Amino acid sequence: MSSLLEIHCLKTYYFTEMGTIKAVNNVSITLDKGECLGLAGESGCGKSTLALSVLRLIKPPGRIIDGRIIFNGIDLLSLKPEDMRKIRWHKISMVFQGSMNALNPVHTIRDQIVEAIITHTNYSRGEAERKAASLLNLVELDSSILKRYPHELSGGMRQRALIAMALACDPEILIADEPTTALDVVTQARILMLLKDLQRQYGLSIVIISHDLSILAQICDKIAIMYAGKIVECASVETIYEKPAHPYTRALINAFPSVRGPKRPLSILRGEPPNLISLPPGCPFHPRCSLAHEICYEVEPEIIQLSQGHYVTCHLYK
């Protein structure tokens with residue numbers, strides 16, 4: 001049985017005067033119907049570029065140069081622009097990072113949600129307004145919010161409004177890029193529970209992008225760890241937390257307070273992600289890895305399957 005979304009050997013590069021930035025470099029991953037996938041990693045590792053590539057929203061100097069993105073058996077990279085526009089919102093939608101910046105400050109919430117509905121459906125104005133009200137109720141907001149402007153709402157309310165807008169055309173996949181950034185802990189928990197409820201009630205498939213592993217642990221079924229434009233480890237949430245195989249995965253987990261099991265001291269992940277224009281030879285993580293051996297400096301590791309659903313890209317997986 002094929003997955004709802006299958007990404008094969010995807011490469012998305014940015015061609016700049018300084019050189020070629022290999023933001024997504026030979027990434028393969030799948031998303032099943034009703035599944036919640038977390039994309040984790042430090043800033044600059046390629047998470048958002050991967051999401052934008054799925055929607056074909058990469059702008060110059062960026063370009064998808066190779067690979068396939070298969071949605072329901074259709075290769076999205078083969079579609080004409082007008083056919084791809086029918087996929088966005090209708091089949092795959094996205095909640096972009098930064099709710100205040102994503103909403104237009106001079107238009108009411110009603111105008112923005114209704115515009116999205118009318119643009120992508122055959123709804124009349126009245127039907128679109130009724131749909132907008134039901135969408136707000138779906139994300140646990142009162143329909144009176146429709147009359148208000150973004151600056152009149154709290155951060156959590158704006159984020160819910162964005163989720164409502166993303167659900168306007170009943171998509172099968174929702175991509176959420178850092179959906180809880182800058183929100184307080186209580187509001188974060190409510191947003192995560194909302195997404196989890198939507199997944200359960202409507203069979204929605206969700207991709208959540210975050211650098212915070214504690215957030216992904218609460219909602220995701222599986223997690224893919226990205227580093228230097230590649231997925232270095234992918235497994236179920238339980239496996240990632242209990243049996244991480246890549247030193248980078250372990251370093252990320254140890255840098256956050258324990259959400260399961262006994263308390264432990266935090267550790268610092270030294271160094272910074274590599275320059276994607278001039279990646280080091282061998283494993284791109286070796287300059288920061290305390291376990292690196294000679295082979296790590298010379299040979300780039302291939303992806304290895306450790307068990308059912310558990311993949312890692314590391315020479316030291318044993």
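What you see is a predicted model, and the numbers here were worked out from it, not measured in a lab.
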Item to complete: Take Thr30 and Glu6 through the test side-chain hydrogen bond (donor to acceptor under 3.5 Å, both in side chains) and record every step on the way to the result.
Response: CA-CA 4 Å; Thr30 62; Glu6 301 175 8; over 6 Å; no

In short, salt bridge (Lys or Arg N to Asp or Glu O under 4.0 Å) pairs touching residues 293-306 with sequence neighbours left out are Lys230-Glu300

Is a side-chain N or O of His293 found less than 3.5 angstrom from the main chain of Ile295, in a donor-acceptor match? no

message: Checking the side chain of Glu242 only, and the main-chain atoms of Thr239 only, is there a donor and an acceptor separated by less than 3.5 Å?
response: no

* Could you tell me whether the side chain of Lys196 and the main chain of Ile219 form a donor-acceptor pair under 3.5 Å? => yes

Open item on the list: I'd like to know if the side chain of Arg88 and the backbone of Leu55 have a donor-acceptor N/O pair within less than 3.5 Å.
Closed with: yes

Handout entry: Test item: side-chain donor near acceptor, Tyr14 and Thr49, under 3.5 Å
Key = yes

Between Ala224 and Ile29, the two heavy atoms sitting closest are CB-CD1, 3.4 Å

When rounded to the nearest 0.5 Å, the distance separating NZ of Lys47 from CG of Leu50 is 10.5 Å

Rounded to the nearest 0.5 angstrom, the OH-SG distance for Tyr248 and Cys283 is 11.5 Å

Donor-acceptor pairs are to be reported for all side-chain atoms of residues 111-119 against protein atoms at under 3.5 Å, with residues two or more places apart or in another chain.
residue: Asp111; atom: OD1; partner: Arg125; partner atom: NH2; Å: 3.4
residue: Asp111; atom: OD2; partner: Thr108; partner atom: OG1; Å: 3.3
residue: Gln112; atom: OE1; partner: Asn104; partner atom: N; Å: 2.8
residue: Gln112; atom: NE2; partner: Asn104; partner atom: O; Å: 2.9
residue: Gln112; atom: NE2; partner: His107; partner atom: O; Å: 3.0
residue: Thr119; atom: OG1; partner: Glu115; partner atom: O; Å: 2.6

Taken to the nearest 0.5 Å, the spacing of Leu204 CG from Ile173 CD1 works out to 8.5 Å

Quiz prompt | Flag, side chain of Ser93 to backbone of Ala166, donor-acceptor distance under 3.5 Å | solution = yes

| request: Answer with yes or no whether the side chains of His90 and Glu172 bring together a donor and an acceptor at under 3.5 Å. | output: no

Distance col, row Ile109:CD1 vs Leu135:CG, nearest 0.5 angstrom, shows 12.5 Å

**OP:** Report, as yes or no, whether the 6.0 Å neighbourhood of atom CD on Glu272 holds more than 12 heavy atoms from other residues, nucleotides or ligands.
**Re:** no

Residues at least two apart in sequence or cross-chain that pass ring-ring contact (aromatic ring centres under 6.0 Å, His included) with His8, listed by chain then number, are none

| query | Between the side chains of Ser214 and Asp212, is a donor N or O closer than 3.5 angstrom to an acceptor N or O? | reply | yes

Indicate the ring-plane relationship of His286 and Tyr297, choosing parallel, tilted or perpendicular according to the 30° and 60° boundaries.
tilted

Next item on the list: Check whether any side-chain N or O of Thr16 sits under 3.5 Å from a backbone N or O of Met18 as a donor-acceptor pair, and report yes or no.
Entry: yes

Apart from Tyr13 itself, its cluster of hydrophobic side chains linked below 4.5 Å comprises Phe15, Ile65

query = So, the side chain of Arg56 versus the backbone of Leu79: is there a donor-acceptor pair under 3.5 Å, distance only?
reply = yes

Across all chains, not counting sequence neighbours, the side-chain hydrogen bond (donor to acceptor under 3.5 Å, both in side chains) partners of Lys131 are Asp170

Worksheet entry | Salt-bridge contact Glu42-Arg288 (side-chain N to carboxylate O under 4.0 Å) | yes

message: Using a 3.5 Å distance criterion without hydrogens, assess whether the side chain of Gln188 forms a donor-acceptor pair with backbone atoms of Leu183.
response: yes

With sequence neighbours left out, the residues meeting side-chain contact (heavy atoms from CB on, under 4.5 Å) with Gln201 are Asp197

Looking only at heavy atoms, the pair that brings Ala245 and Val312 closest together is CB-CG2, 4.0 Å

Side-chain donor/acceptor of Glu129 to backbone N/O of Arg110, under 3.5 Å
no

Worksheet item: Does the side chain of Ser205 come under 3.5 Å of the side chain of Glu35 through a donor N or O and an acceptor N or O?
Response: no

message = Go through it in stages, so that I can follow the logic: the residues are Leu269 and Asn254, the test is side-chain contact (heavy atoms from CB on, under 4.5 Å), and I'd like the CA-CA distance, side-chain angles, deciding distance and then a yes or no.
response = CA-CA 8 Å; Leu269 176 56; Asn254 291 334; over 6 Å; no

One should read off an interatomic distance between Ile206 CD1 and Leu174 CG, to the nearest 0.5 angstrom, of 5.5 Å

With distance as the sole criterion, is a donor-acceptor pair present between the side chains of Asn137 and Ser134 under 3.5 Å? no

